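Here's the structure we're looking at; comments come further down.
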Amino acid sequence: TTTIKVSAYGPNTCVDTAEVLITVNPKPIVDAGDDQNICFNDSTFLNSSGNADTYSWNNGILNGVLFEVNTSQDYILTGINNINNCSSNDTVTVNILSLPVIDAGLDDSLCIGDSVQISANGGISYSWSPNNNISNNTISNPYVFPVIYTDYVVIGTDLNNCSNTDTVGIVIKNSPTISVSNDTSICLGDTISIFANGGSSYIWLNTDFISNTNVNNPTIWPSTSSIYNVIITGANTCSDTAEVNISVNSLPVIASGNDL
């Protein structure tokens, strides 16, 4: 508070004085809070503090109410004392952090019963869903072994704790529909043709007494009862296995009697 005195002199050297009292009211203390860093499309809220009677934000937001932010900008808080109408401002900056670019790779396919490795990059931590038929859902490169078509969604998080997602689809290829010869028996020394159908390539695993292990209909002549296993692969590279059991019967012992 300040008193200002003024003296006035007339032409006859007479003087008079007057005083003006100036009262200086303090401005209110206004605090808009610390600057914030948030991820793109996240929400935040701002709180006012200080000793003002009323507060208002220039961007139309409400105190303590969540709002979505997608561009960096300043928010100005104004506080007013009702008695003297004095006001103060404070500014808080909300900085928007870019989201990481997460890449889960290209869609893939596998045969039922097989597994395939999927891999994500662009973050420092990962979470895959659904969390089934997967070796580990919290690493970047798990193995998956679904039995039906499955979209695996990965959430990748960066150093700023901002997250983004990507998806990789796993297609299940059909196993070949196969058929093989019926189990049968032969006499020792005989030959027989066996077969397998339903694939585009064949591998017979029993390599004894067989004409060709890489055709669908080899000829065999086992000397003892044997099982012939075959791997049948379809055009889509998926395989199935089957077997043919061959029983070998001994020849009869024929006695012609003594010479006469």
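No hydrogens, no waters, no symmetry mates; every other heavy atom, side chains included, goes into these values. Here the structure is a predicted model, which means the values were calculated and not measured.
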Does [Y] offer a backbone N or O that forms a donor-acceptor pair with the side chain of [X] under 3.5 Å?
| X | Y | answer |
| --- | --- | --- |
| Asn137 | Trp128 | yes |
| Gln117 | Asn141 | yes |
| Asp107 | Gly169 | yes |
| Asp108 | Ile170 | no |
| Asp158 | Asn160 | yes |
| Asp90 | Ala32 | yes |
| Thr54 | Gly79 | no |
| Asn216 | Ala196 | yes |
| Ser193 | Asn217 | no |
| Asn164 | Pro100 | yes |

Mark yes when over 12 heavy atoms from residues, nucleotides or ligands other than [X] sit less than 6.0 Å from its [atom1]; otherwise mark no.
| X | atom1 | result |
| --- | --- | --- |
| Asn84 | CG | yes |
| Ile210 | CD1 | yes |
| Phe195 | CZ | yes |
| Asn214 | CG | yes |
| Asp34 | CG | no |

Between [X] and [Y], a side-chain donor and acceptor under 3.5 Å:
| X | Y | answer |
| --- | --- | --- |
| Thr93 | Asp74 | yes |
| Thr44 | Gln36 | yes |
| Asn63 | Ser48 | yes |

Test of understanding: clusters of I, L, V, M, F, W, Y form through side-chain heavy atoms closer than 4.5 Å, transitively. Do [X] and [Y] belong to the same one?
| X | Y | result |
| --- | --- | --- |
| Ile192 | Trp221 | yes |
| Ile38 | Phe45 | no |
| Ile194 | Ile231 | no |

Show your working on ring pair (Phe, Tyr, Trp, His ring centres under 6.0 Å) between Phe67 and Tyr75 and close with a plain yes or no. CA-CA 12 Å; Phe67 62 98; Tyr75 293 84; 5.5 Å; yes
Counting C-beta onward and ignoring hydrogens, is there a side-chain heavy-atom pair between [X] and [Y] closer than 4.5 Å?
| X | Y | value |
| --- | --- | --- |
| Val180 | Val230 | yes |
| Ile80 | Asn85 | yes |
| Val92 | Leu46 | yes |

Determine the minimum heavy-atom distance between [X] and [Y], stating which atoms define it.
| X | Y | answer |
| --- | --- | --- |
| Tyr228 | Asn206 | CD2-CB, 3.7 Å |
| Gly105 | Val168 | O-CG2, 4.1 Å |
| Asp114 | Phe145 | O-CB, 3.4 Å |
| Cys187 | Leu251 | CB-CD2, 4.1 Å |
| Lys173 | Thr237 | NZ-OG1, 3.1 Å |
| Pro130 | Asp151 | CD-O, 3.5 Å |

Atom [atom1] in [X], atom [atom2] in [Y]: separation rounded to 0.5 Å?
| X | Y | atom1 | atom2 | value |
| --- | --- | --- | --- | --- |
| Asn47 | Leu77 | CG | CG | 10.0 Å |
| Asn121 | Ser140 | CG | OG | 8.5 Å |
| Cys162 | Leu99 | SG | CG | 6.0 Å |
| Ile220 | Asn212 | CD1 | CG | 13.5 Å |
| Asn161 | Ser125 | CG | OG | 7.5 Å |

For Ser239 and Thr233, run side chain to side chain donor-acceptor pair (under 3.5 Å): C-alpha distance rounded to whole Å, both residues' side-chain angles, the deciding distance at 0.1 Å, then the answer. CA-CA 4 Å; Ser239 300; Thr233 303; 2.8 Å; yes
Criterion side chain to side chain donor-acceptor pair (under 3.5 Å) on Asn136 and Thr138, from CA distance to verdict: CA-CA 6 Å; Asn136 187 332; Thr138 59; 2.8 Å; yes
Side chain to side chain donor-acceptor pair (under 3.5 Å) assessment of Tyr55 paired with Asp53: CA-CA 7 Å; Tyr55 297 93; Asp53 294 316; over 6 Å; no
Ser87/Thr78 under side chain to side chain donor-acceptor pair (under 3.5 Å): CA gap, chis, key distance, verdict: CA-CA 7 Å; Ser87 64; Thr78 300; over 6 Å; no
According to ring pair (Phe, Tyr, Trp, His ring centres under 6.0 Å), who are the partners of Tyr143, at least two apart in sequence or on a separate chain? none
